[in-house]
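Chain identifiers are assigned alphabetically (A, B, ...) following the order of the sequence lines, protein sequences preceding nucleic acid strands; residue numbering begins at 1 within each chain.
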Amino acid sequence: MEYNFREIEKKWQQWWRDHHTYRTTEDPSRPKFYVLDMFPYPSGAGLHVGHPLGYIASDIYARYKRLRGFNVLHPMGYDAYGLPAEQYAIQTGQHPEITTNENIARYRSQLDQIGFCYDWEREVRTCDPDYYKWTQWAFLKMYGSYYNTDIEKACPIEELVAHFEAHGTENCHAHGTEELRFTAQQWQEMTKVERENTLMNYRIAYRGRTMVNWCPKLGTVLANDEVSEGVSIRGGYPVEQKLMNQWCLRVSAYAPRLLRDLDQVQWSESIKETQRNWIGRSEGAEMTFQVARSDKSLLIFTTRADTIFGVTFMVLAPESDYVADVVTPDRQAAVDEYIDMVKHKTERERMIEKTVSGVFTGSYAINPITGNEIPIYISDYVLAGYGTGAIMAVPAHDSRDYAFARHFDLPIIPLIEGADVTEESFDAKEGIMMNSSNDLLQLNGLTVKEAIEHTKQFINSSGLGRVKVNYRLRDAIFSRQRYWGEPFPIYYDEDNQPQPLPEEQLPLLLPEVDAYLPTETGEPPLGRAKNWVTANGHPLELCTMPGFAGSSAYYLRYMDPHNDNALVSPEANQYWRQVDLYVGGTEHATGHLIYSRFWNKFLYDYGYVCEAEPFRKLVNQGMIQGRSNFVYRIKDTNRFVSLHLKDDYDVTPIHVDVNIVHNDVLDIEAFRQWRPEFKNAEFLLENGVYVCGNAIEKMSKSMFNVVNPDRIVERYGADTLRLYEMFLGPIEMAKPWDTNGIEGVNRFLKKLWNSFFNGDQLRLTDDQPGAEELKAVHKLIKKVTTDIESFSYNTAVAAFMICLNDLGKLKSVSRGVFEPIIILLAPFAPHIAEELWHTLGHTGSVCDATWPQWNEDYLVEATVRYAVMFRGRPRYNIDVPADTPADEVERIALAHEGAAKWLEGNTPKKVIVVPGKLVNVVI
RNA sequence: GCCCGGAUGGUGGAAUGGUAGACACGAGGGACUUAAAAUCCCUUGGCCAUAGCGGCUGUGUGGGUUCAAGUCCCACUCCGGGUACCA
């Protein structure tokens with residue numbers, strides 16, 4: 001009987017469904033393990049070959065943990081809200097839900113045929129009202145909360161209101177209080193609307209007027225992580241800065257904890273570092289500069305307070321509120337012109353140009369230490385959103401200030417001995433200070449580090465300012481002017497103030513609209529919905545939530561997916577706690593992985609979840625690149641020349657569909673049918689075949705290098721696909737998709753099958769296993785176990801091949817060693833393993849077998865290499881038989897040429913021999 | 001610019017500081033076959049030697065530590081990823 005993977009895989013997939021093999025229930029008697037994949041956005045292109053890489057890796061781990069006796073939670077779902085379905089809806093008028101459901105169905109069938117052990121009864125879809133009810137619920141909770149910086153957690157906004165009533169902002173530890181000051185009396189005198197506006201400065205979900213990334217082409221705002229290099233990540237459209245009223249999440253309040261708690265998780269150093277940079281903690285000082293001949297002052301932030309003696313001018317961001325305070329009447333026109341010019345530049349233009357520009361305000365500030373008057377400028381190199389939107393410029397020691405000073409011919413005062421600032425600034429924080437002493441402050445002679453420390457203390461004690469920690473991480477903009485997303489559970493009252501819907505009214509269902517475009521008046525698509533009002537006739541919010549809303553807490557919903565009363569019940573949460581292994585791409589480092597951590601911490605503050613971090617261990621699968629194939633057309637002809645002959649001709653390389661190329665050999669007939677213009681193509685062959693060229697490129701439709709897993713499954717079977725994807729190389733490494741090696745793992749499975757089948761009967765003996773068999777198998781158990789634990793799946797697959805080769809040399813294999821091999825194989829190739837398992841006479845699933853243990857005794861080599869140790873360090877290797885007695889080893893060691901060289905004059909006191917280990921010769 | 005990775009045969013990749021190149025692909029040779037496919041066996045880093053044994057060299061470059069370096073340290077080159085007027 002041949003290895004018929006089609007029949008086997010179909011049969012067992014059905015069997016698993018019928019037997020609910022992968023159904024998971026909470027079972028306090030067993031230890032739990034939660035293995036999660038980053039759920040996919042179901043795009044129209046279907047699952048591509050890069051997706052399963054991570055899914056297979058996690059599936060193997062989940063199956064392995066189950067075999068080791070863990071109760072494994074391994075769910076899957078869909079991140080179903082997103083722009084592509086909506087863009088498609090705009091073009092075709094088809095409801096995004098229909099598109100999304102079709103795509104999900106396609107994904108599901110593709111996933112099913114690979115044989116994953118997902119518990120599909122726990123599936124979630126972010127666009128499902130039963131699911132997004134809890135997204136809306138969390139939003140309401142955030143709306144009703146503020147961040148208490150004293151105890152570092154979210155608290156009900158009512159507590160803050162009570163504090164304001166009693167004390168105003170005095171002794172208030174709410175995130176956002178620094179900017180605002182009022183007394184209890186003032187609070188009590190505020191109108192309802194004024195109070196509500198005030199509270200918006202503290203709510204964790206708040207509506208605020210902020211600078212946002214506006215993408216005109218998409219007609220929506222975008223979060224910082226959705227923009228890269230001045231264009232939108234989805235679509236690549238230009239993005240500009242715009243001041244708008246938007247819903248935001250106070251992620252920045254959590255910045256210290258998001259940074260600190262990175263120590264709690266087992267993530268790669270690189271992804272932690274990416275998050276640290278994104279959070280961007282910087283320690284510095286805030287200082288006040290008085291404006292000359294005015295009662296106004298400027299608050300600036302600097303990390304280099306030590307360079308205060310070198311401040312020769314100040315710069316404000318064009319959007320800064322200070323601008324109005326300092327512009328003199330005669331400069332007003334010039335300033336307006338400059339600000340107008342900046343406003344019309346897109347983010348991208350601002351980045352590409354990078355030319356120095358700015359305008360003088362007409363005012364001067366007074367350096368608080370030197371008393372010097374210094375001019376105040378406006379320039380777009382200062383960002384309104386960071387620090388205070390105003391800086392003290394030290395051209396000698398900051399390259400941006402230097403460029404500005406050069407352009408406007410401002411003085412440059414070097415402050416560090418030996419620093420040459422005639423050509424460029426000296427930015428490094430090293431050296432000895434100079435030009436930095438007067439009656440108030442003496443820094444000369446100190447190192448830069450000492451000077452920074454000294455100045456900080458001086459600033460604190462002198463009342464000039466205060467030491468301050470700044471974070472780059474900004475609040476997340478949470479509104480999208482889009483249709484296909486979660487509606488906000490918010491309405492606007494008679495004063496046009498946002499008000500939360502009562503929790504009982506959730507979910508607030510996404511309404512139908514007649515088109516998926518903004519209204520004529522420029523309102524978001526929800527403006528087209530009929531009766532988009534509350535029971536009392538109040539208008540509902542027209543924006544929807546962004547993609548990351550639904551993906552921020554999905555891992556919690558899997559724990560208790562059908563609960564109508566809570567996102568997750570305390571019981572289910574206490575049992576599953578957190579994700580033990582999370583597998584996904586690095587592209588989510590600054591988006592999803594920040595938002596999820598934030599969301600989780602918010603819920604943690606209220607005790608809705610019991611773990612401060614959502615994902616304990618994270619494994620990032622590398623990106624799968626495409627491997628493109630080329631044919632070479634001789635210029636102006638319809639003749640194609642094979643790769644190694646092309647240098648003799650003037651040729652144009654043309655991308656050819658990789659699906660009609662096998663091992664770089666072109667299927668000529670398929671090529672002729674591929675495109676009408678190639679119907680009569682002629683070929684110059686080498687060795688009778690047409691060899692294509694290749695290149696590693698991004699996987700994309702236009703390069704015809706997209707490989708769909710369906711084709712691989714069709715041709716070789718799911719087990720081969722699974723093994724091959726793991727065999728390609730380390731899971732974390734980026735690598736090109738190359739099907740050339742797939743024959744190898746397919747051959748392995750066929751060999752495995754054919755070695756042990758004789759007709760329909762297993763070709764195994766019932767004898768006691770021999771030493772060689774035991775050695776081969778225990779070697780395999782050890783290797784596979786340790787490799788899975790360390791995610792070295794590629795070497796684990798190799799180990800199976802080695803084992804089969806070892807066993808292939810034997811005349812017969814006994815049942816006693818064959819069974820454990822099947823169990824070891826089950827996580828990697830579950831279908832064939834299940835078939836063999838049942839052929840062995842088992843009636844249950846191989847998924848419920850027990851993972852075998854290895855025994856070191858069987859692994860002792862006939863010859864062992866010993867290293868001779870000297871003062872605890874291995875010095876020289878000698879090979880001796882494993883059973884050599886200790887004194888014999890000593891004699892060999894001494895007699896050995898190399899050993900004797902250093903042992904000369906040193907007589908070993910004793911020689912310790914441990915089988916399979918190094919020999920320790922103690923001097 | 002800054003921060004992370006990485007560099008090993010024709011290819012993907014193995015190697016707790018201890019025989020570099022596991023395993024696989026590809027290639028070459030052979031067996032079986034009328035033939036092909038499939039399967040099996042042998043060879044396969046480079047150079048030299050070859051009846052046979054073998055010798056030299058070799059992990060991006062240049063140094064260093066060590067009895068011993070792909071692995072550790074220093075300097076550099078190239079490639080990939082992230083990020084950027086963040087004061």
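Distances from the side chain of Leu383(A) to the nucleotides U83(B), C40(B), C86(B) place C86(B) closest. Ranking C40(B), A87(B), A15(B) by closeness to the Ser282(A) side chain, first place goes to A87(B). In the set C85(B), A38(B), A14(B), A38(B) carries the atom at the smallest distance from any side-chain atom of Lys750(A). Out of A15(B), C23(B), U83(B), the shortest distance to the side chain of Phe727(A) is found at C23(B). Listed nucleotides G12(B), A22(B), C3(B) differ in distance to Glu273(A); the shortest reach to its side chain belongs to C3(B). Taking the side chain of Arg474(A) as heavy atoms from C-beta on, and the options U83(B), C86(B), A87(B), the nearest nucleotide is C86(B). The nucleotide whose nearest atom lies closest to any side-chain atom of Trp278(A) is, among A84(B), A87(B), C3(B), A84(B).
In a base pair of the Watson-Crick type (N1 to N3 plus N6-O4 or O6-N4) or a G-U wobble (N1-O2 and O6-N3), with each distance short of 3.5 Å, G10(B) is matched with C25(B). Under the Watson-Crick or G-U wobble criterion, with both distances below 3.5 Å, G5(B) is paired with C79(B). If you check A38(B) for Watson-Crick or wobble pairing at under 3.5 angstrom, you find it has no partner at all. Pairing for C32(B) is absent, judged as Watson-Crick or G-U wobble with the two contacts each under 3.5 Å. Pairing for C67(B) is with G18(B), a Watson-Crick or G-U wobble pair whose two hydrogen-bonding atom distances lie under 3.5 Å. Base pairing of C53(B) is not made with any nucleotide, judged by Watson-Crick or G-U wobble geometry with both donor-acceptor distances under 3.5 Å.
Atom CG of Leu728(A) is separated from atom P of A14(B) by 11 Å (rounded to the nearest Å). Rounded to an integer number of Å, the gap from CG of Asp398(A) to C1' of A87(B) is 6 Å. Rounded to an integer number of Å, the gap from CG of Asp787(A) to P of A15(B) is 8 Å. The separation between Asn277(A) atom CG and G82(B) atom C1' is 9 Å, rounded to whole Å. The nearest whole Å value for the distance from the OH atom in Tyr381(A) to the C1' atom in A84(B) is 16 Å. Computed from coordinates, the Lys782(A) NZ to U16(B) P distance equals 13 Å when rounded to whole Å. In this structure, Ile742(A) atom CD1 and G12(B) atom C1' are separated by 13 Å, rounded to whole Å. The CZ atom of Arg472(A) sits 14 Å away from the P atom of G82(B) (whole-angstrom rounding).
The side-chain contact (heavy atoms from CB on, under 4.5 Å) with Leu723(A) is formed by just one residue from the set Phe828(A), Tyr716(A), Tyr793(A); it is Phe828(A).
When atom types are taken as modelled, the side chain of Ser320(A) and the backbone of Leu316(A) share no donor-acceptor pair closer than 3.5 angstrom. Side chain of Ser268(A) to backbone of Ile271(A): a donor-acceptor contact under 3.5 angstrom is found. A distance-only check finds a donor-acceptor pair linking the side chain of Asp475(A) to the backbone of Ser252(A) [under 3.5 Å]. Remark: side-chain polar atoms of Thr388(A) are paired, donor with acceptor, to backbone N or O of Leu299(A) under 3.5 angstrom.
On the P atoms, A24(B) is 25 Å away from C32(B), given to the nearest whole Å. Across the P atoms, G45(B) and G21(B) are found 9 Å apart, a figure rounded to whole Å. The same atom, C1', is picked in G1(B) and in C72(B); the two are 30 Å apart, to the nearest Å. Using C1' as the reference atom, U65(B) and A14(B) are 27 Å apart when rounded to the nearest Å. Comparing the C1' positions of G62(B) and U77(B) gives a spacing of 10 Å, expressed to the nearest Å. Only the C1' atoms considered, A27(B) is 8 Å distant from G10(B), to the nearest whole Å. Annotation: U43(B) and C25(B) have their C1' atoms spaced 16 Å apart (nearest Å). Rounded to a whole angstrom, the distance from the P atom of U71(B) to that of U61(B) is 11 Å.
Phosphate contact (OP1/OP2 of A14(B), side-chain N/O of Asn794(A), threshold under 4.0 Å): present. Distances shown here put a side-chain N or O of Asn805(A) below 4.0 Å from the OP1 or OP2 atom of A24(B). Using a 4.0 Å cut-off, some side-chain N or O of Arg747(A) falls inside it from OP1 or OP2 of C25(B).
Each of Ser270(A) and Ala390(A) was matched to the nucleotide of RNA chain B holding its nearest heavy atom; the match closer to the 5' end belongs to Ser270(A). For Pro730(A) and Thr590(A), each mapped to the nucleotide of RNA chain B holding its nearest heavy atom, the one lying further toward the 5' end belongs to Pro730(A).
Glu283(A) and Lys468(A) are not joined by a salt bridge, as no carboxylate oxygen comes within less than 4.0 angstrom of a charged side-chain nitrogen. Remark: Asp806(A) engages Lys779(A) in a salt bridge, criterion side-chain N to carboxylate O under 4.0 Å. Ionic pairing of Lys750(A) and Glu743(A) is not present here: no N-O contact between side-chain nitrogen and carboxylate oxygen is shorter than 4.0 angstrom.
Applying the 90° cutoff around 0 to the glycosidic angle, G58(B) is assigned anti.
Within the 4.0 angstrom heavy-atom criterion, only backbone atoms of the sugar-phosphate kind lie near Ile802(A); the bases stay farther away.
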